[in-house]
Amino acid sequence: QLQLVESGGGLVQPGGSLRLSCAASGFTLDYYAIGWFRQAPGKEREGVSCISGSGITTSYADSVKGRFTISRDNAKNTGFLQMNSLKPEDTAVYYCAVRWGLGCTEGGMEYWGKGTLVTVSS
């Protein structure tokens, strides 16, 4: 069964860090782009970051540039999102999603995880 499972969310104080993981099972991530999306309470889901299958190409939303780092370990079939200098406005459910090939437009993602909650609060 094809599955993506996010982990690593939790409660963190402003300025803190979290590392999210996205573990794939039932298929190999090698040629899939991995995207991270988030949905804050009362808001639409938005794209956060994307990484190509090779890991060479990455992109970030302006709101997280310089604070978040996307990466992947194809040997472990897992993607990661390192989140530093977290702000209260980063509070959201974070989802990972994948698509064969390039790019991470929300409508083009093929498989989605169920999400992990990140709460940034003092």
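Everything numeric here is computed off the predicted structure, so don't read it as measured data.
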| said: Parallel, tilted or perpendicular: which one describes the rings of Trp100 and Tyr31, with boundaries at 30° and 60°? | reply: tilted
| task | Using atom types as modelled and distance alone, determine if a side-chain donor or acceptor of Ser85 lies under 3.5 Å from a backbone N or O of Gly15. | result | no
| message | When you group the ILVMFWY residues by side-chain heavy-atom contacts below 4.5 Å and let the links chain together, are Val64 and Val12 in the same group? | response | yes
| said: Testing the basics here: between Gly103 and Ala33, what is the closest heavy-atom pair and its distance to 0.1 Å? | reply: O-CB, 3.6 Å
| field | Shortest non-hydrogen contact between Ala24 and Leu4, atoms and distance | value | CB-CD2, 3.7 Å
| query | Is there any side-chain hydrogen bond (donor to acceptor under 3.5 Å, both in side chains) pair reaching into residues 1-29, and which pairs are they, with sequence neighbours excluded? | reply | Ser17-Asn84
| message | Taking CG in Leu117 as the centre, count heavy atoms belonging to other residues, nucleotides or ligands within less than 6.0 Å. Is the count above 12? | response | yes
| Shared ILVMFWY cluster between Leu2 and Val98, side chains joined below 4.5 angstrom? | yes
| message | With rounding to the nearest 0.5 angstrom, report the CG to OG1 distance, Leu86 to Thr91. | response | 8.5 Å
| field | Minimal non-hydrogen separation, Arg72 against Asp30, with atom names | value | NH2-O, 4.0 Å
| message | In this structure, would Met83 and Val5 fall into the same cluster of hydrophobic residues linked by side-chain contacts under 4.5 Å? | response | no
| remark: Residues Arg38 and Asp90: closest non-hydrogen pair is NH1-OD1, 2.9 Å
| Which pairs with one or both residues in residues 39-98 pass ring-ring contact (aromatic ring centres under 6.0 Å, His included), sequence neighbours excluded? | none
| query | Hey, mind stepping through Tyr32 and Met109 against side chain to side chain contact (heavy atoms under 4.5 Å, CB included) and telling me if it holds? | reply | CA-CA 10 Å; Tyr32 285 82; Met109 307 310 283; over 6 Å; no
| request: Write down the atom of Cys104, the atom of Phe37, and the distance for their closest heavy-atom approach. | output: O-CZ, 3.3 Å
| said: Is there a path of hydrophobic side-chain contacts, each under 4.5 Å between heavy atoms of I/L/V/M/F/W/Y residues, joining Tyr111 to Ile34? | reply: yes
| Looking at side-chain heavy atoms only, is the closest gap between Val118 and Leu20 below 4.5 Å? | yes
| note | Smallest heavy-atom separation, Leu81 atom then Ser49 atom, equals CD1-CB, 4.2 Å
| query | Under a single-linkage definition using a 4.5 Å side-chain heavy-atom cutoff for Ile, Leu, Val, Met, Phe, Trp and Tyr, are Val93 and Ile70 assigned to the same hydrophobic cluster? | reply | no
